Amino acid sequence: MIAQILATLLPVFLIAGCGTLYGRYRSPDIRGLNTLNMELFVPMLVFAVLADQQAPLQDYASLALSAAVVVLGSGLVLWPLARWLKLDLKTFLPPMMFNNSGNMGIPLIVLAFGEEALPAAVVLFIVEMLLHFSVGLYMLSPHTPLWRLLRMPIVLASLAGLAFNLGGVPLPGWLLEALDMLGGVCIPLMLFALGVRMLDIDFSDWKTGVLGAVLCPLSGLVLAAPMIVWLELSGLQAASLWVFAALPPAVLNYLVAEQYRQEPHKVASLVLIGNLGSLIVMPIVLGLVFSYQMVIPAGAG
C-alpha cells in the first residue's frame, strides 16, 4: 500500500521539486510559461480528450454534477465559519472552492488510476475551471462581463470538444495523435510551474494558511461523500471524485487575486501552505481509496 501511494505521489512532487530547484537559481518567466500552457497546451489536451469518441461524455454527467456541488458547496459550507472568524470572504472563500485540479489533479489522478482515468480527470478540471472563471470572477468583481469567459481558449476548446463528441464527428487518427502530443506537454509543465510558485510562499499569515489547508480538503470530502452515494458513482469516477475533493487550492487563485488586488499575499499563503499540506492529506486519501479497492492502482498487476 505504501509503495502504491509513493509511486503515485513521488513523480508529482519530484517534478514540482525540479521546478522549485530550477526557479531558485534561474528565475524563469513562469507567467509566460503559464500563459503558454493555458492558451495552447491545456486547450489541446481538453479538446483531444473531449473529442475522442472512445470517451462517451454522457457517462460523466453525474461526475460533472458532483464536481460542481463540491466546488460551490464548499463556499456555502464555509461561508458562516469565515464570517464568524471575521475573514474577508473575497480573500478566503475562492481558494477554498477552486482547487488545484489542473497542476495537481490531472497528473495525480492519471498516475494513481491509469490513462483510462484521464477523461474523468479532464471533466473534473473543466467543471472547476468554468466555475472559477464565472462564479469565481463574479465573487471578486460582480461587474465582470460574460464575454470574457467565452473568449478563453480553454472554454472554446471545451465547447468544440463537446460538439465533436456529442455530435459523433470522428477525428482522423493523425490529428488526434498530434493533439495528444501537444496536450501531453501540459501535465509536467503544470507541475513544474507549481514548483516554481512554491518559492513565493509567504508565511507571514501562516495561521490563515494552515486553517485553509485543513478546511479546503475537509469541506470537499464532506460534500463528495453524499454525492457518491446519491448518484451511485463507483470505480474510477468515485475514486477520481475523492481525489478531486481533497485537492488543495489552485495556484490560479493567487494570479486572480493579484489581478483584482484582493489581498494577494494572504491568498498566496492560503494557496501555497495548502499545497504543502497536501503532502499529508493526499497520501491519506489515496490510502483510503486503494484500501477500499475502489480501483486497481495504475501499474498494479
Side-chain angles (χ1 to χ4, degrees), residues 30-61 63-65 67-68 71-72 94 97-107 109-110 118-190 193-194 240 244 250-256 258-260:
I30 200 63
R31 179 168 292 184
L33 285 177
N34 283 333
T35 299
L36 176 63
N37 211 14
M38 295 303 296
E39 292 187 353
L40 178 62
F41 298 133
V42 172
M44 291 299 98
L45 174 69
V46 168
F47 177 77
V49 172
L50 292 180
D52 191 350
Q53 298 300 307
Q54 297 179 5
L57 293 182
Q58 59 270 24
D59 296 343
Y60 293 89
L63 181 63
L65 174 60
V71 172
L72 300 177
M97 297 168 61
F98 306 111
N99 62 27
N100 211 346
S101 60
N103 296 69
M104 185 178 291
I106 292 177
I109 290 172
V110 171
L118 181 58
V122 169
V123 166
L124 293 168
F125 171 62
I126 290 171
V127 170
E128 186 271 328
M129 285 291 291
L130 291 178
L131 290 175
H132 199 163
F133 283 97
S134 54
V135 177
L137 293 186
Y138 181 81
M139 290 172 66
L140 294 180
S141 178
H143 304 294
T144 300
L146 180 62
W147 60 263
R148 291 186 63 181
L149 171 67
L150 297 177
R151 290 179 57 184
M152 293 177 56
I154 192 170
V155 175
L156 295 175
S158 301
L159 294 176
L162 287 170
F164 273 80
N165 190 295
L166 299 178
V169 180
L171 292 178
W174 57 266
L175 180 56
L176 275 175
E177 182 67 24
L179 293 172
D180 285 335
M181 291 177 68
L182 279 172
V185 174
C186 78
I187 294 178
L189 191 56
M190 285 177 180
L194 176 62
S240 298
F244 174 80
V251 179
L252 194 59
N253 286 291
Y254 168 69
L255 302 180
V256 173
E258 195 172 43
Q259 179 181 356
Y260 285 90

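Here the structure is a predicted model, which means the values were calculated and not measured.
Once rounded to the nearest 0.5 Å, the distance linking CE of Met139 with CG of Leu131 reads 11.0 Å. For the atom pair NE2 (His132) and CG (Leu130), the distance works out to 12.0 Å, reported to the nearest 0.5 Å. The distance from the CD atom of Glu177 to the CG atom of Leu182 is 10.5 Å, given to the nearest 0.5 Å. Separation of atoms CG (Leu40) and CG (Leu45) is listed at 11.5 Å; rounding is to 0.5 Å.
Partners of Phe47 under the ring pair (Phe, Tyr, Trp, His ring centres under 6.0 Å) rule, at least two apart in sequence or in another chain, are Phe164. In terms of the ring pair (Phe, Tyr, Trp, His ring centres under 6.0 Å) criterion, Phe125 has no residue partners (sequence neighbours excluded). With sequence neighbours excluded, no residue forms a side chain to side chain contact (heavy atoms under 4.5 Å, CB included) with Ala178.
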Residues Leu124, Tyr60; criterion side-chain contact (heavy atoms from CB on, under 4.5 Å); working and verdict: CA-CA 9 Å; Leu124 293 168; Tyr60 293 89; over 6 Å; no
side-chain contact (heavy atoms from CB on, under 4.5 Å) between Met97 and Asn253, intermediate numbers included: CA-CA 10 Å; Met97 297 168 61; Asn253 286 291; over 6 Å; no
Derivation of the side-chain contact (heavy atoms from CB on, under 4.5 Å) call for Leu118 and Ile109: CA-CA 7 Å; Leu118 181 58; Ile109 290 172; over 6 Å; no
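The two residues Leu140 and Pro94 have their closest heavy-atom pair at CD2-CG, 4.5 Å. The minimum heavy-atom distance between Met44 and Gly183, with the atom names listed, is CB-N, 4.1 Å. Across Pro43 and Ala157, no two heavy atoms sit closer than the pair O-CB, 3.4 Å. Val127 and Ala67 make their closest contact through CG1-CB, 3.8 Å (heavy atoms, listed as atom of the first residue, atom of the second, distance). Nearest heavy-atom pair, Ala64 versus Val123, reported as atom, atom and distance to 0.1 Å: CB-CG1, 4.0 Å. Scanning all heavy atoms of the two residues, the minimum distance from Ala48 to Asp180 falls at CB-OD1, 3.5 Å.
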